[in-house]
Asker: 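My structure is below; once you've seen it, I'll send some questions.
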Amino acid sequence: MHPLLTGLTPAVVDAAGPIALAATENAPDTSGLADFLRGFFGPLFLVIVSVVAIFFLFTREITRFAQFIILAIFIGIVFYVPGIIEVTARAIAQAMGVSTE
């Protein structure tokens, strides 16, 4: 290896160490962020779904109404049950024979 590169590695590690520690010490607390966002956007999502569904019903577009309701139910399940994505991914991986450990 080139002599400049071998001498550079410890210097980079020594310089990056305090930066990494400073980033973890001053990091904002995001423990309740997902619950806050779910509580804030959940009712907003339901209002938007309701308004669009009522629009489809008043314009007598039953096929689009049914498609929209199915899509809204799917998005609502993903939104209100946050662990469903991980469970589904593990189930698909196991069905394909992939180890999930």
Side-chain angles (χ1 to χ4, degrees):
M1 195 186 296
H2 197 273
L4 287 176
L5 294 177
T6 54
L8 182 65
T9 306
V12 169
V13 171
D14 290 341
I19 294 171
L21 288 176
T24 57
E25 290 174 1
N26 297 330
D29 182 26
T30 59
S31 60
L33 181 63
D35 293 330
F36 170 75
L37 291 175
R38 199 172 294 117
F40 182 76
F41 287 110
L44 186 64
F45 171 75
L46 291 177
V47 167
I48 291 171
V49 166
S50 301
V51 168
V52 173
I54 289 172
F55 171 77
F56 282 141
L57 283 177
F58 279 132
T59 58
R60 296 184 182 171
E61 297 182 30
I62 304 302
T63 305
R64 287 191 183 184
F65 170 75
Q67 292 171 348
F68 178 75
I69 290 299
I70 290 171
L71 182 64
I73 289 171
F74 176 72
I75 292 172
I77 288 172
V78 170
F79 185 74
Y80 284 110
V81 185
I84 195 76
I85 296 173
E86 181 182 353
V87 170
T88 305
R90 286 184 188 268
I92 292 171
Q94 286 179 350
M96 294 174 55
V98 178
S99 176
T100 59
E101 294 177 13

Asker: Does the side-chain contact (heavy atoms from CB on, under 4.5 Å) test come out yes or no for Ile75 and Phe45, once each step is laid out?
Answerer: CA-CA 10 Å; Ile75 292 172; Phe45 171 75; 3.7 Å; yes
Asker: Do Ile84 and Phe74 sit in one hydrophobic cluster, given that two such residues count as connected whenever their side-chain heavy atoms are within less than 4.5 Å of each other, even indirectly?
Answerer: yes
Asker: Would you say Val51 ends up clustered with Val49 if hydrophobic residues are merged whenever their side chains have heavy atoms under 4.5 Å apart, either directly or through other cluster members?
Answerer: no
Asker: Got a second to check how far Leu57's CG is from Ile69's CD1, nearest 0.5 Å?
Answerer: 7.5 Å
Asker: Can you sort out the partners of Tyr80 under ring-ring contact (aromatic ring centres under 6.0 Å, His included), two or more places apart, ordered by chain and number?
Answerer: none
Asker: Treat each ILVMFWY residue as a node, draw an edge where side-chain heavy atoms are under 4.5 Å apart, and state whether Val47 and Phe68 are in one component.
Answerer: no
Asker: Would you say Ile92 and Val98 are hydrophobically clustered, going by side-chain heavy atoms of ILVMFWY under 4.5 Å?
Answerer: yes
Asker: Please answer: with hydrophobic residues joined when any side-chain heavy atoms are less than 4.5 Å apart, are Ile54 and Leu44 in the same cluster?
Answerer: no
Asker: Restricting to pairs with a member in residues 43-61, which pass salt bridge (charged side-chain N to carboxylate O under 4.0 Å, His left out), not counting sequence neighbours?
Answerer: Glu61-Arg64
Asker: Drop me the distance from Ile62's CD1 to Phe56's CZ, to the nearest 0.5 angstrom.
Answerer: 10.5 Å
Asker: Report the hydrophobic cluster partners of Val87, with the cluster defined as I, L, V, M, F, W, Y residues connected by side-chain heavy atoms closer than 4.5 angstrom, directly or transitively.
Answerer: none
Asker: Within this structure, what is the CG-CZ distance for the pair Leu46 and Phe41, rounded to the nearest 0.5 Å?
Answerer: 13.5 Å
